[in-house]
Amino acid sequence: MGSEAVKLPFINFSDLQTQDWESVKGQVRLALEEFGCFEATFDQIPRNLRNSVFEGLKQLFELPLQNKLRNRSKKPYHGYVGQYAMVPLYESLGIDTPHDLKSIETFTNLMWSEGNPEFSKSIQSFSEQLSELDRIVRKMVLESLGLEKYIDEHTESTNYLVRVQKYDFPKGHETELGLTSHTDKNMVTILYQNEVNGLEVLTKDGQWITVEPSPNSFIVMIGEAFHAWTNGRLHAPYHRVMMKGSVARYSIGLFSVPKEGYIIKAPEEMVDEEHPLLFKPFDHVKFLGFYYSEAGQRSPAALKAYCGA
Ligand SMILES: O=C(O)CCC(=O)C(=O)O
Ligand SMILES: [Fe+2]
């Protein structure tokens with residue numbers, strides 16, 4: 001008998017009204033403790049909206065580089081990222097506060113001088129509807145850890161960021177590496193891809209799982225901010241993108257990010273003799289400053305180096 005390839009847990013959020021909230025909550029907690037990640041169906045986002053998002057992404061990445069470079073941001077990793085020798089297949093753009101149509105329009109008008117109202121509307125609607133899944137997941141985690149009283153604090157301290165990615169397919173002897181292995185630094189990331197696989201997630205025992213979501217599925221993943229806030233209860237997995245074949249991969253990620261000035265501090269309920277404090281309270285934006293510095297990039301465990309207890 002051959003050994004079964006490990007798969008990510010699969011959780012159905014599509015008809016939560018009729019399903020047992022408690023049972024889904026249990027699955028979420030288990031998946032996030034063990035893998036830090038799961039595949040989720042969430043039918044609330046209609047197929048035609050998902051298609052128009054990818055239509056928009058194709059048009060966006062086809063724009064001349066000089067247009068895409070206009071997407072600049074003071075915040076690290078919020079602007080245009082691409083043209084790196086290490087990951088030549090990768091290009092990405094960040095769109096801050098995507099729920100706000102005005103802020104997307106500013107981005108859209110920077111990219112297309114003639115405007116692109118379809119693009120703005122589909123990104124706005126997609127991120128607003130998908131942020132509901134982020135809130136559900138965090139509510140389930142908090143309830144399951146007996147930390148309901150912190151739900152409002154979570155909601156109030158959260159900003160959203162959308163990042164869109166294109167990974168070209170490798171030509172000739174080009175590297176297959178689409179995106180280097182990393183952990184996300186935010187709270188929760190929700191990823192959606194066109195039907196081209198490439199995302200890989202590292203298990204706790206060191207195996208790379210190739211993520212093969214169904215066309216209706218989203219990938220929910222924990223970042224280091226949530227790992228720290230739960231004092232290590234939730235796992236923040238390493239992941240990377242490897243490209244094969246002859247079709248480009250497009251993906252869109254909704255990142256919930258702690259607001260500037262919000263101090264991430266594990267609640268006292270999460271700290272005891274069995275679970276000593278892992279990280280001193282820290283300002284997420286300041287941590288990002290360290291992470292993107294030379295010392296931070298050299299460090300194999302940047303958060304621990306920055307504020308390990
Ligand atoms: O494109 C993907 O599926 C992964 C993107 C990613 O890991 C990131 O932007 O942090
Ligand atoms: Fe990531």
Side-chain angles (χ1 to χ4, degrees), residues 8 32 35-40 50 53-54 56-58 60-61 68 71 73 75-82 84 86-96 98 123 126-127 130 133-134 159-170 175-203 208-227 234-245 247-258 284 287-288 291-292 296-297 302-303:
L8 280 190
L32 294 183
F35 292 90
C37 188
F38 58 81
E39 180 181 339
R50 292 184 254 150
V53 164
F54 285 119
L57 291 197
K58 282 183 191 145
L60 175 65
F61 284 105
K68 293 181 270 190
N71 179 225
S73 173
K75 298 184 206 163
Y77 210 62
H78 278 53
Y80 173 84
V81 183
Y84 282 119
M86 264 289 279
V87 281
L89 306 175
Y90 173 76
E91 271 193 290
S92 154
L93 294 126
I95 311 172
D96 221 342
I123 298 287
F126 182 87
S127 33
L130 196 55
L133 181 57
D134 168 84
N159 271 340
Y160 288 96
L161 166 74
V162 156
R163 282 199 74 80
V164 295
Q165 284 78 228
K166 178 185 179 187
Y167 305 86
D168 213 343
F169 57 88
T175 174
E176 293 187 344
L177 184 66
L179 185 59
T180 39
S181 169
H182 66 281
T183 53
D184 287 356
K185 305 293 174 251
N186 53 308
M187 298 295 270
V188 178
T189 303
I190 307 182
L191 294 163
Y192 188 62
Q193 64 172 39
N194 66 339
E195 288 165 35
V196 180
N197 293 332
L199 177 65
E200 298 185 358
V201 177
L202 192 64
T203 62
W208 284 106
I209 304 182
T210 303
V211 182
E212 296 172 325
S214 85
N216 304 324
S217 296
F218 297 84
I219 301 299
V220 176
M221 191 183 283
I222 294 305
E224 290 202 48
F226 212 6
H227 167 75
L234 302 189
H235 179 57
Y238 274 90
H239 54 286
R240 67 182 181 191
V241 174
M242 300 300 289
M243 288 299 297
K244 292 192 172 61
V247 188
R249 175 170 187 267
Y250 293 86
S251 70
I252 175 164
L254 179 73
F255 296 78
S256 50
V257 184
H284 191 253
F287 163 60
L288 285 185
Y291 176 65
Y292 288 104
Q297 290 291 295
L303 188 59

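Note that ligands are numbered from 1 as they come in the structure, with each ligand's atoms numbered from 1 the same way.
Taking each heavy atom of Gly253 and Leu191 in turn, the nearest pair found is CA-CD2, 3.9 Å. Taking all atoms of both residues into account, the shortest heavy-atom contact from Asp134 to Ser256 is OD1-OG, 2.8 Å.
For the residue pair His182/His239, the side-chain donor-acceptor check at 3.5 Å is satisfied.
Closer than 2.8 Å to the Fe ion (ligand 2) sit the protein N, O or S atoms His182 NE2, Asp184 OD1, His239 NE2.
To the nearest 0.5 Å, the span separating OH on Tyr192 from CG on Asn216 amounts to 6.5 Å. Atoms CG and CD1, from Leu199 and Ile209 in turn, are 10.0 Å apart once rounded to the nearest 0.5 Å.
Residue Val81 is tested with Glu91, Lys68, Arg163 for a side-chain contact (heavy atoms from CB on, under 4.5 Å); the sole match is Arg163.
Both the sub-6.0 Å distance and the 45° axial angle are satisfied by Lys185 relative to the ring of Tyr291.
Using a cutoff of 4.0 Å between basic side-chain nitrogens and carboxylate oxygens, Glu200 and Arg240 are scored as salt-bridged.
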For ligand 1, what N or O to protein N or O distances fall under 3.5 Å?
| residue | atom | partner | partner atom | Å |
| --- | --- | --- | --- | --- |
| ligand 1 | 1 (O) | Tyr167 | OH | 2.6 |
| ligand 1 | 1 (O) | Arg249 | NH1 | 3.0 |
| ligand 1 | 1 (O) | Ser251 | OG | 2.7 |
| ligand 1 | 3 (O) | Arg249 | NH1 | 3.2 |
| ligand 1 | 3 (O) | Arg249 | NH2 | 2.9 |
| ligand 1 | 7 (O) | His182 | NE2 | 3.2 |
| ligand 1 | 7 (O) | His239 | NE2 | 3.0 |
| ligand 1 | 10 (O) | His182 | NE2 | 3.1 |
| ligand 1 | 10 (O) | Asp184 | OD1 | 3.1 |

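Applying the 6.0 Å contact sphere to OH of Tyr84 captures no more than 12 heavy atoms from other residues, nucleotides or ligands.
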